[in-house]
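A note on names: the letters A, B, ... follow the listed sequences, proteins ahead of strands, and every chain is numbered from 1. Heavy-atom basis, side chains included; hydrogens, waters and symmetry copies ignored.
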Amino acid sequence: MEPEFDALVVGGGPAGQAAALELVAGGARVAVVDEQPRAGGQILRQPPREFRVPRWLLGSSYGALKAQLARFEAETRIEWLGGSSVPGVVRRGETWSVTLAQVDAVREIHAPVVVVATGCQELAVPMPGWTLPGVMAAGAVQALLKSQQVSPGAHLAFAGTHPLQLLVAAQAIEAGLDVRVVAFAQSRAEFAERALRGAGALLRNGSLWWPGADAFATLRRARVPVRFGAQPVAVAGRTRVEALQFRDGSACEADAVALCFGFVPQSDLVRQAGAAVHRTAGGGFAARVDEWQRTNVPGLYAAGESSGVAGAPRAMLSGALAGIAAALDLQRIDAAEASRRARPLRTALAPLDRFSRLLDAIADPARHWPTPAPDTIVCRCEDVTLAEISDAIADSRSANAVKLRTRCGMGLCQGRTCEPVVLRALAARGQTHDPGFTARFPSRPVRIAALLNRSPPPAR
Amino acid sequence: MSMRLARPGLERGERVTLELDGREVTAHRGETLATVVLCEHGGTFRDDTRGHARGAWCGMGVCGECSVVIERSDGTRATVRACLTPVEAGLHVHVRRESGDGA
């Protein structure tokens, strides 16, 4: 079948936009698919078109990202395929066949190049009560504030190890909400010591850490306590969040809790395509790429956080590199032109890498995971508890075996939420190289009626 | 409790009426079904196999915890991720009940 496009980019965030812009500049026919109706990714999760939101994301750290988004949205040669999921990619000969799914329809599109720019996802943090209404990933709370203009609660408690929670808490205050606490599980000494060790990187990257300092100031003005050494152990509540409890016996009353222990790449499609990955902190997998963001599978590129979580500015650069490389491999530009375009990007990468290594060190959750009770749900889709998973690990010692025995990872999310937890549990017993659940179609839920390409039967 | 923000100058889409578990609720064009469940159902997206109230987690289509059942005017039903599904006038939305013999 004649491919409709030269390149299909999966993900309309900073990396996907950058890749598409470079490809189209090289004269390639490009489509970008995203589950959201509008481009932006999670970092610039746009309000619905039907909304008007004055002063949307004014912070200086959003400036360059918003400028690129404006260029992307103005580029009429890029085919925008918003509102579709990509449950699978498969290579047939020289061409990728990519499945696009909506609620009632599935179709295949074809291209010799696929750029996976699917970003990252927040780490699941099982603890008693974490499944209650009102408990969400901090990134989820942030997305609701940015896009839907809604909050899961009026009184929010934040807990975790990742400094992102400072930014989200500050955005919640600016949205008129009451933030009760921002709690870091690591001690103040640990935080400061790691920050100091990286002081050079901090000083050279003023524009990167300034949003954090800004957020601190906002929290101070609002008299929000920022606690250190405050390890969350449980969320209390009967039918929804009532309080967040800490190891020292203290509790913070709240009607919503945001947990923020860090991120793992969304690399499902990369793994499904059989490309090489490497383990990341927290129990994830990042695509293994060369200096041009090429995976080891021909025609498959991974850009942005699917190849390592390192922040939006870096994602933008790696997306551009992937786009240039793909344009080169499609013979749209020559090697000299590719190097010329890549040079300033590579210069900009080094300081961003130093900064992201520093942030990783500061945010490291390794010694701060909550220790859930045995009856805590780990696999949210299939209601599988920690005790069931621990029993299965004691016997079988691999993620796939745990899955077969407990149904952990067999639900709607296909293991994306619980896999890092299972991998951490395996690692705690010495199994540090488990390849995780075998990646399979579909990496996003698809209705069988849609797959069969026919109307679903009417209800009884 | 979950709430729509009141930012100065913020304008939402026009009002639409839909049904949540048999109850008429109003929402705004552009909102997702997740926003409706957050604001009109205390953020409870389902009752789980133990009968416990369950919330959404990731807010970006990864975890599926916000999945709800929609019933369209032609009688067809579908399980959809609420955080990715925009409201439609006249839509019937059901939260999932896994503890008993419900939907």
Exercise. Do you know which of A:Cys413, A:Pro133, A:Pro48 has the most heavy-atom pairs under 4.5 Å to chain B?
Worked result: A:Pro133
Exercise. Any side-chain heavy atom of B:Arg54 within less than 4.5 Å of one from A:Ile377?
Worked result: yes
Problem set entry | Residue part contacting chain B, namely of A:Ser85, when any heavy atom lies under 4.5 Å | side chain
Problem set entry | Note, B:Trp57 side chain near A:Leu259 side chain (heavy atom, < 4.5 Å) | yes
Problem set entry | Approximate separation, where rounding is to 0.5 Å, of B:Arg77 CZ and A:Arg447 CZ | 11.5 Å
For this session: With the side chain counted from C-beta on, respond yes when B:Arg72 and A:Asp104 share a heavy-atom pair under 4.5 Å apart, and no when they do not.
Result: yes
Exercise. Do side-chain atoms of A:Glu50 reach the backbone of B:His28 as a donor and acceptor pair under 3.5 angstrom?
Worked result: no
For this session: Answer with side chain, backbone, both or neither: which region of A:Ala154 has an atom nearer than 4.5 Å to a non-hydrogen atom of chain B?
Result: both
Problem set entry | Test item: side-chain donor near acceptor, B:Arg7 and A:Gln149, under 3.5 Å | yes
Exercise. B:Val62 and A:Gln121: which non-hydrogen atoms are nearest, and at how many Å?
Worked result: CG1-OE1, 3.4 Å
Problem set entry | Residue-level contacts of residues 15-25 of chain B with chain A, using a heavy-atom cutoff under 4.5 Å | none
For this session: Could you tell me which portion of A:Glu382 (side chain, backbone, both or neither) has an atom closer than 4.5 angstrom to a non-hydrogen atom of chain B?
Result: neither
Seminar exercise, completed: The interface call for B:Thr44 against chain A, heavy-atom contacts under 4.5 Å, is both
For this session: Indicate the atoms forming the closest heavy-atom contact of B:Met60 with A:Cys120, along with that distance.
Result: CE-O, 3.2 Å
Problem set entry | Derivation of the side-chain contact (heavy atoms from CB on, under 4.5 Å) call for A:Arg240 and B:Ser2 | CA-CA 11 Å; A:Arg240 66 167 289 122; B:Ser2 317; 4.1 Å; yes
Seminar exercise, completed: Exactly one of A:Leu177, A:Val150, A:Leu144 clears side-chain contact (heavy atoms from CB on, under 4.5 Å) with B:Leu5, and that residue is A:Leu177
Exercise. Heavy-atom count around A:Leu58 CG within 6.0 Å, excluding the residue itself: above 12?
Worked result: yes
Exercise. With a 4.5 angstrom heavy-atom cut-off, which part of A:Gln42 approaches chain B: side chain, backbone, both or neither?
Worked result: side chain
Exercise. For the atom pair CZ (B:Arg4) and OG (A:Ser151), what is the distance rounded to the nearest 0.5 Å?
Worked result: 12.5 Å
For this session: Mind ranking B:Glu31, B:His41, B:His52 by heavy-atom pairs under 4.5 Å with chain A and telling me who comes out on top?
Result: B:Glu31
Problem set entry | Separation of A:Arg380 CZ from B:Arg46 CZ (nearest 0.5 Å) | 8.0 Å
Exercise. Given the options A:Thr239, A:Val53, A:Leu145, which has more heavy-atom pairs under 4.5 Å with chain B than any of the others?
Worked result: A:Leu145
For this session: Using non-hydrogen atoms and a 4.5 Å limit, figure out which bit of B:Leu10 sits close to chain A: side chain, backbone, both or neither.
Result: both
Seminar exercise, completed: Bottom line for A:Thr131: the part with an atom under 4.5 Å from chain B's heavy atoms is both
Exercise. Any idea which of A:Arg45, A:Gln36, A:Arg49 has the most non-hydrogen atom pairs under 4.5 angstrom with chain B?
Worked result: A:Arg45
For this session: Could you check which of B:Gly64, B:Gly61, B:Gly59, B:Gly30 has the highest count of heavy-atom pairs closer than 4.5 Å to chain A?
Result: B:Gly30
Exercise. Relative to chain B, which segment of A:Leu123 carries a heavy atom at a distance below 4.5 Å: side chain, backbone, both, or neither?
Worked result: backbone
Exercise. Closest approach of B:Thr32 and A:Gln148, non-hydrogen atoms and distance?
Worked result: N-OE1, 2.8 Å
Problem set entry | Among B:Cys39, B:Pro86, B:Ala56, B:Cys58, residue most engaged with chain A (heavy-atom pairs, under 4.5 Å) | B:Ala56
Exercise. Roughly how far, to the nearest 0.5 Å, is the CZ atom of B:Arg81 from the CG atom of A:Leu412?
Worked result: 8.5 Å
